[in-house]
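For reference, the structure discussed in these notes is given below.
The analysis underlying the following values was restricted to heavy atoms, covering all of them including side chains, and did not include hydrogens, waters or symmetry mates. Owing to the predicted nature of the structure, the values given are computational and were not obtained by experimental measurement. Residues take their numbers from the sequence shown, with the count starting at 1.
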Amino acid sequence: ICINTSYGHSILYGGGDIMALTEIIIKNAKPKEKPYSLSDGRGLILDIRPNGSKYWIARLWIDGKEKRKSLGSYPVVSLKAARDKNYEIRKEDKKGPSGEYSFKELASEWFNSVILPDKSKNYVRTVELRLNKYLIPEFGNRKLNEITPNMVLLFCRQIEKEGLTDTSHRLRQFMKQIFDYAITTDRTLVNPAAAISKALQPHRQKHYATVVESENIGALMRSVYAYPQRLVRYLMIMSALTFVRPVEIRQAEWKEFDLNKKEWRIPGEKMKEKNEHVVPLSTEAIRVLKELQSISGNKSWLFPSPRGGGRHLSDGAVRMALRSMGYEKEDMTAHGFRSMASTILNEYEWPADVIEHQLSHVDRNTIRRTYNRAQYMPQRTAMMEWWGGFLIAVRDREDIPTKPNINI
């Protein structure tokens, strides 16, 4: 693996762990067109210049900034002598590469150095949200060398129990990236998040394939809005905006919609739980429905089958559209629009009960069995409007709308 550094060199590592240098490795290291470095670990590197000169460097990190000290040239300074000098310098450095940095310090430095400079505003916001909501509260005050693989595993499994399997995997990936950064900047030697991915639930064990990163959602929505077949295009747009079940959107009828009240009432017989379900319609949903009226407004179904016979579009319409757009079944499904909304709304900390009611999830506990179709309606209306704005913002690469304050 070759990792570029801020000072224009490259540091070479072998496999997943930093390999200690040997005299044979050093002697066989040939000059290249550009300077590069071999790492011995613990901040000791050997700079190799295009003219063949080799210089020992001790890398220190003080207040998040790299400091370099020359230890002499090789072979005048041997490998053992360079290690001894590096050790003496480390004793004077109160933090050094021993893992004495806190996770919060490194996470902040990684965010400011790696994420903030060249990522989109929306992706930066997504990373910042996940750091502040999940990782910093859990690990922020711990020193790097205190965090073990088992701690990371238990944390990720707790996120899984909340139904956020994909979020669990992404949090592990962030942990791994932060520790990779700590390793390459000589603040620690071990990455506790590197080895646990196979101990987690597979991404799709009980969940439908979907995309949940804001940049990927934006790319998906740009493809959806550009899809050439109009009825299927509007079907996918409304699937994203309303995140009802695929069969419910395909069976949508015009008589169920009141555009003046900005709501869609799905009859109980069409619902999985057999309760009438109310879907507040966002400004974007109303706009799309008005366009759709010019196509199918004189029909019963919003999305009538082009084959006629009084049928609506089949369950394969969205699947084939997604495949033609380059999304395989492991990437995105018709049901994935629903999972996509659930994940983002939870991450942006909309109240769980509001989300669950909008998803028409009924608590099967007998004490809470009664389902009130209008419960949390003001909050659900605000959430659906925000969600419509979110989808447009990521589609157009604009700033995500501010989440309104709501009482519950």
State, with a plain yes or no, whether a side-chain heavy atom of [X] is found less than 4.5 Å away from one of [Y].
X	Y	value
Tyr227	Ile237	no
Gln379	His357	no
Ile286	Phe257	no
Leu44	Leu21	no
Met236	Met325	yes
Arg245	Met271	yes
Phe337	Met238	no
Arg395	Tyr225	yes

Tell me whether [X] contacts the main-chain N or O of [Y] through its side chain, where contact means a donor paired with an acceptor under 3.5 Å.
X	Y	answer
Asn191	Lys176	yes
Ser168	Cys156	yes
Thr381	Met377	yes
Ser324	Ala321	yes
Arg380	Val278	yes
Thr333	Lys329	no
Asn346	Ser342	yes
Ser223	Ala219	yes
Arg130	Leu171	no

salt_bridge([X], [Y]) N-O dist < 4.0 Å:
X	Y	answer
Glu88	Lys85	no
Arg265	Glu276	yes
Glu253	Lys270	yes
Arg230	Glu291	no

First locate atom [atom1] of [X], then atom [atom2] of [Y], and finally report the distance between them rounded to the nearest 0.5 Å.
X	Y	atom1	atom2	answer
Ser239	Glu248	OG	CD	10.5 Å
Phe111	Leu135	CZ	CG	12.5 Å
Glu284	Glu385	CD	CD	9.5 Å
Thr242	Met384	OG1	CE	6.0 Å
Leu241	Leu289	CG	CG	8.5 Å
Arg311	Arg250	CZ	CZ	12.5 Å

Taking all heavy atoms of [X] and all of [Y], pick out the closest pair and write down the distance.
X	Y	answer
Lys54	Ile26	NZ-O, 2.5 Å
Lys299	Trp254	O-CD1, 3.4 Å
Ile178	Ala107	CD1-CB, 3.9 Å
Ile45	Ser37	CD1-OG, 4.0 Å
Pro31	Pro50	CB-O, 3.5 Å
Leu313	Pro306	CD2-CD, 3.7 Å

_Parallel, tilted or perpendicular, as decided by the 30° and 60° cut-offs, for the rings of His312 and Trp301_ =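 Ring orientation of Trp301 relative to His312: perpendicular.
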*Should the pair Tyr348 and Phe390 be assigned to parallel (<30°), tilted (30 to 60°) or perpendicular (>60°) ring geometry?*
perpendicular
*Tyr376/Gln358 under side chain to side chain donor-acceptor pair (under 3.5 Å): CA gap, chis, key distance, verdict*: CA-CA 9 Å; Tyr376 304 119; Gln358 198 51 58; over 6 Å; no
Give a yes or no on whether [X] atom [atom1] has more than 12 heavy-atom contacts from other residues, nucleotides or ligands under 6.0 Å away.
X	atom1	answer
Asp396	CG	yes
Arg233	CZ	yes
Arg222	CZ	yes

_Under a 3.5 Å threshold, yes or no: a donor from one side chain and an acceptor from the other, between Asn51 and Ser53?_
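On atom types as modelled, these side chains qualify, holding a pair under 3.5 Å.
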_Stepwise side-chain contact (heavy atoms from CB on, under 4.5 Å) test for Leu322 and Arg319_ = CA-CA 5 Å; Leu322 290 171; Arg319 181 177 66 253; 5.9 Å; no
*Given Leu235 and Ile249, is the side-chain contact (heavy atoms from CB on, under 4.5 Å) satisfied, shown in steps?*
CA-CA 7 Å; Leu235 173 58; Ile249 189 66; 3.7 Å; yes
_side-chain contact (heavy atoms from CB on, under 4.5 Å) between Tyr181 and Glu109, intermediate numbers included_ = CA-CA 9 Å; Tyr181 177 79; Glu109 186 179 317; 2.7 Å; yes
*Determine, step by step, whether Met340 and Leu220 satisfy the side-chain contact (heavy atoms from CB on, under 4.5 Å) criterion, reporting the C-alpha distance in whole Å, the side-chain angles of both residues, the deciding distance to 0.1 Å, and the verdict.*
CA-CA 11 Å; Met340 181 174 77; Leu220 170 65; 4.0 Å; yes
_Are Phe155 and Phe139, when compared by the centres of their aromatic rings, separated by less than 6.0 Å?_
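When the ring centroids of Phe155 and Phe139 are compared, they turn out to be within the sub-6.0 Å range.
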_Cation-pi check, Lys403 onto Trp386 ring (under 6.0 Å, within 45° of axis)_ =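 So Lys403 doesn't make the cation-pi contact.
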